[in-house]
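Below, chains carry the letters A, B, ... as their sequence lines are ordered, and counting in each starts from 1. Hydrogens, waters and symmetry mates play no part in the numbers below; they use all other heavy atoms, side chains included.
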Protein chains: 2
Amino acid sequence: MATRAIHEAESRGRLSRERVLDAAMTKADTAGLEAVTMRQLAESLHVAPMALYRHVANKDDLVDAMVDVVFGEIGVPSGGGDWKSAMRRRAIAVRDALARHRWAIGLMESRRTPGPANLRHHDAVIGRLRAAGFSIAMAAHAYSALDSYIYGFALTKLNLPFGASDDVGDVAEQMLRPFPIKDYPNLVEFISEHVMQPGYEYGDEFEYGLDLILDALDQTVAPGSETSSDRLPER
Amino acid sequence: MATRAIHEAESRGRLSRERVLDAAMTKADTAGLEAVTMRQLAESLHVAPMALYRHVANKDDLVDAMVDVVFGEIGVPSGGGDWKSAMRRRAIAVRDALARHRWAIGLMESRRTPGPANLRHHDAVIGRLRAAGFSIAMAAHAYSALDSYIYGFALTKLNLPFGASDDVGDVAEQMLRPFPIKDYPNLVEFISEHVMQPGYEYGDEFEYGLDLILDALDQTVAPGSETSSDRLPER
DNA sequence: CTCCGCTGTGTACGCTGTACACCGTAGCGA
DNA sequence: TCGCTACGGTGTACAGCGTACACAGCGGAG
């Protein structure tokens, strides 16, 4: 009884898949995905490592579930407006979710076993495009182009690192330091004249490319006209 | 002496950074990046694990070098033609390199310490755009949009798995099996009417989106005209 | 009251990256 | 020719990983 009481006090009740998932998300968000080990996760839940296996099949199952939580947060493209603004809002929702959960980038589309939120999301986006008059093939084109861009942007932004609040110029300069500057004149100009300028924010590039693609799709799908509600040529 | 002779016969001479790198690339290409462990790598070189550390600082250094080899294979956009076809060729070269080295996807832009081939590549691409009359800001827009798309496509293609020669339809159907079909009508239609059709190849989507972006950039950079050789508006 | 089943535990195995001390040899200066 | 040094390869060891397996304690059903 004493043991039980103490244990309850420490862990605020029994373990559950949801509590495991919550702890994993928090840990990943704050300490990175590499900090999400079964052992560390168990420790932060005040539980033995093997206890987790009563609630997740294995680590892959856990990661699958985490990714599905992110899809859940993204939700589905909300009702109003034309397809273009719906897709624009969705793109930004995805970007924002990936900004909150940087560890999910590169995992979102890579799971061999998509969860329900994942499927619901894809279903809704395709549905939205079809309702706007996209043929199946054209919806595939649009979805592929948009998703590639969105995930790719997140990926390159995550990477080429400019980590959040680091001074971008410092990082860039540091990457170049070991090399003779004269070998990379365009890169040097690019960094000193653009990246290091005050007010530069790589994240701002996102909407430029996004609108580029959305406008191009719009032109393809409704060349000349401005409202589209019928099946239109694929290519 | 006997020992030495045997050892030489097995390993075809001394170890070197290059031999380590070659073995690592081969292993990653054939068995995936997760098979590239210091121990397995050492074994395939007939050498003790710790021997590798005389030639690479640590595993991160090794992976950095592997990524730079991929950039080396991509090369720089070759001379002739307008910027659009140069960028198109580059995009396809990147896609092909990533197809040869699937493990590199997600690593290409993520290394905090880019190698010389990486920098040379970026320098050349920026240089090509600048030479075609792109302002610095416009070059940034174009580069960001293109790279996001290219890497994102590789990422989503790698992922949503349809692994190479698997039957795409089978995989898709299998992903849906655990769920009630009626919950995802658009997805079901999409898969059965499009993805499962004979001749469908997701990889074909790449050039559609690529040309969409290239044409859109072209229109932005030279609205109306068909040859561009001067600085033009950023946005 | 007894028993079953569920949940959490402890131990153990094989794998990972890599620190550290060691040793044989090749190549050099004397 | 000798002796030394520096370098490349080895063996051992440690901490940390995912997880298989046998077990224990408790709650609820019969």
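- Within the 4.5 Å cutoff, the side chain of His101(A) has no heavy atoms near those of the Met108(A) side chain.
- In this structure, CD of Glu34(A) is placed 16 Å from C1' of dG18(D), rounded to the nearest angstrom.
- The distance between the ring centers of His122(A) and Tyr143(A) falls below 6.0 angstrom.
- Within the helix from dC1(C)-dG30(D) to dA30(C)-dT1(D), the inter-axis angle between the opening and closing five-pair segments is 10°, rounded to 10°.
- The CD atom of Glu18(B) sits 18 Å away from the C1' atom of dG8(D) (whole-angstrom rounding).
- The two residues Ser148(A) and Tyr202(B) have their closest heavy-atom pair at OG-OH, 4.4 Å.
- Separation of the Tyr151(A) and Tyr151(B) ring centroids does not fall under the 6.0 Å cut-off.
- We find that CD of Glu43(A) is positioned 16 Å from P of dA15(D), with the value rounded to whole Å.
- Side-chain contact of Asp147(A) with Thr156(B): a donor-acceptor pair under 3.5 Å is absent, judged by distance alone.
- With sequence neighbours excluded, no residue forms a side-chain hydrogen bond (donor to acceptor under 3.5 Å, both in side chains) with Asp68(B).
- More than 12 heavy atoms of other residues, nucleotides or ligands sit less than 6.0 Å from atom CD of Gln197(B).
- A donor-acceptor contact under 3.5 Å is formed by the side chain of Arg39(A) with the base of dG18(D).
- As rounded to whole Å, 17 Å separates atom C1' of dC6(C) from atom CZ of Arg17(A).
- The pair Asp60(B)-Arg112(B) does not meet the salt-bridge criterion, since no charged nitrogen lies less than 4.0 angstrom from a carboxylate oxygen.
- Across every non-hydrogen atom of Asp123(B) and Asn186(A), the tightest pair is OD1-N, 2.8 Å.
- A heavy atom lying under 4.0 Å from DNA chain C marks the following residues of residues 48-64 of chain A, by number: Ala48(A), Met50(A), Ala51(A), Arg54(A), His55(A).
- Contact check, Gln40(B) against dT16(C): a side-chain N or O comes under 4.0 Å of OP1 or OP2.
- Taking atom CG on Leu41(B) and atom P on dC15(C), their separation rounds to 17 Å, with Å as the unit.
- The NZ-C1' distance, from Lys27(A) to dC17(D), rounds to 15 Å in whole Å.
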